[in-house]
Amino acid sequence: MRIVDAEVVVTSPDRNFVTLVLRTDDGLTGIGDGTLNGRELAVVAYLREHVAPLLLGRDAHRIEDTWQLLYRGAYWRRGPVTMAAIAAVDVALWDLKAQAAQMPLYQLLGGASRTGLMAYGHASGQTLPELVESIHARLEEGYRSIRVQSGVPGLRSIYGISAPSPAQPGQETHPTQGSPVARPAEEDWDSRAYLRHLPGVFEAVRAEFGPELPLLHDVHHRLTPVQAARLGKDLEPYDLFWLEDCTPAENQEALRLVRQHTTTPLAVGEVFNTAWDYQTLLREQLIDYVRSAVTHTGGISHLRKLLDQAALHQIRAGMHGPTDISPVGMAAQLHLGLAIHNFGIQEYARHGALTDEVFRQTSTFRDGHLHPGDEPGLGVTLDLEAAARHPYRPAYLPVNRLADQTVHDW
Ligand code: EZ4
Ligand code: CO
């Protein structure tokens, strides 16, 4: 099975996606996601200029060898652009191998360890009534676990809080989405105001929805270790499923202090790109969930190694699944999540109708659980004609500033 063509497709149905399409001499087509939100074209250039020429003529069955060639062969290791490009190749090769075997991909990863993947959706509100309405909307859509993000009095706009939308109340929108101006939006931050306000929000949500509903919260790297420790303690009465990215965790040792002070479970790592970023976190068991996505961590091959290592420390997978992971990347992690033993939960933000036209999918979402389907391969096909109708649109994530205009983590 020789690779005869490697095409990089950029499309922007509801937002930008980068897809690698590999074609083989026996007529199969495999696809992989290389979408890196806000830096998409850097991955496109990496793939087109430096990776595609190396793939032509190679045996598509040699997934591990190709991974090692791209990782070690570049000499320059790690980094989000490199690891997204390698992920696109890796997932396209797994798609091809599973199609050649005429099996759904999860079978090649060891077979199903469960019947479906518990998924959580995003609810948010600038005010408490908006938040409660947003949680009801997710429950009606079938979600059985909810990420709760709230506005903070005095702060104008905060990332992750969507403008009220009649179609999808509480779904996360991105401020620059669809905007012709390629400039990040600027948002506000005040950690003290946030720390005062958030526990009351969770108290009210628990009072409204009861003790059973799994609730999650994302801090977006905004706190210092001592602030994060306090927040974890203050939220203990509300029994969170996890507290995500409470500090900028590239300083792995910082999580020691948080861990010593709270039993609120911790999730980290959506911005990481290799297993090396987790060495201290895993060895010292400082977190409970690994947030890495297949698309941003070198594909199925590398993330599998990281998750197997995490399993030895009772740490589970909670793979990143916002809409900036394409349906191809999502399918890859559904197959992986179905197969591994240490699956925890899957983030799932629904794509828009245009995206579903460009990427035809076999996955299902029923009673709060995702399943990748049983078609051979990933179960996703890319409609090239539909993709071509939606050219790339520059879009950036927002930046965050304190009242005195200091740039802050978000
Ligand atoms: O901010 O995917 O947990 N989910 C998140 C996401 C990320 C975006 C960044 O591209 O934090 O919403
Ligand atoms: Co996050």
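For ligands, and for the atoms within them, numbers begin at 1 and follow the listed sequence. Model, not experiment: these values are computed from the prediction.
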Q: Pull out every atom of ligand 1 sitting under 4.0 Å from any heavy atom of Asp218, numbered as shown with elements.
A: 3 (O), 4 (N), 5 (C), 11 (O)
Q: So for Trp410, does at least one of its heavy atoms come nearer than 4.0 angstrom to any atom of ligand 1?
A: yes
Q: Indicate the ring-plane relationship of Trp189 and Tyr194, choosing parallel, tilted or perpendicular according to the 30° and 60° boundaries.
A: tilted
Q: Number the atoms of ligand 1 from 1 as they appear, then name those within less than 4.0 Å of a heavy atom of Leu397, with their elements.
A: 9 (C), 10 (O)
Q: So which N/O/S atom does Asp218 have closest to the Co ion (ligand 2)?
A: OD2
Q: Going by heavy-atom distance to atom 10 (O) of ligand 1, choose the closest among Thr323, Asp245, Leu216, Asn37.
A: Asn37
Q: For Arg291, take its heavy atoms, then give the atoms of ligand 1 lying under 4.0 Å from any of them.
A: 3 (O), 4 (N)
Q: Does the side chain of Thr280 reach to within under 4.5 Å of the side chain of Leu286, using non-hydrogen atoms?
A: yes
Q: Looking at Glu270, pick out the N, O or S atom nearest to the Co ion (ligand 2) and give its name.
A: OE1
Q: Looking at every non-hydrogen atom in both residues, tell me the closest pair between Ala112 and Tyr106 and how far apart they are.
A: N-CD1, 3.6 Å
Q: Do the non-hydrogen side-chain atoms of Met330 and Gln346 ever get within less than 4.5 Å of each other?
A: yes
Q: Hey, is the Co ion (ligand 2) within less than 2.8 Å of some N/O/S atom on Glu347?
A: no
Q: If we only count heavy atoms from C-beta on, is the Leu69 to Arg62 side-chain gap below 4.5 Å?
A: no
Q: Ignoring hydrogens, what is the shortest heavy-atom contact between Glu236 and Thr263? Give both atom names and the distance.
A: OE2-N, 2.9 Å
Q: So if I count the atoms of ligand 1 from 1 in the order they appear, which ones are less than 4.0 Å from some heavy atom of Pro322?
A: 2 (O)
Q: So His136 and Phe209, would you call those rings parallel, tilted or perpendicular, with 30° and 60° as cut-offs?
A: tilted
Q: Are His122 and ligand 1 in contact, using a heavy-atom cut-off of under 4.0 Å?
A: no
Q: Please list, in number order, the atoms of ligand 1 under 4.0 Å from a heavy atom of Arg147.
A: 3 (O), 4 (N), 5 (C)
Q: Which option wins on minimum heavy-atom distance to atom 7 (C) of ligand 1: Glu244, Arg39, Glu270?
A: Glu270
Q: What do you reckon, does His320 have a nitrogen or oxygen under 3.5 Å from a nitrogen or oxygen of ligand 1?
A: yes
Q: If you check every N/O/S atom of Glu244, which is the one nearest the Co ion (ligand 2)?
A: OE2
Q: Quick one: sort the Trp242 and Tyr120 rings into parallel, tilted or perpendicular, breaks at 30° and 60°.
A: perpendicular
Q: Just do the ring-ring contact (aromatic ring centres under 6.0 Å, His included) check on His351 and Phe359 with the steps written out, would you?
A: CA-CA 10 Å; His351 290 111; Phe359 298 93; 7.7 Å; no
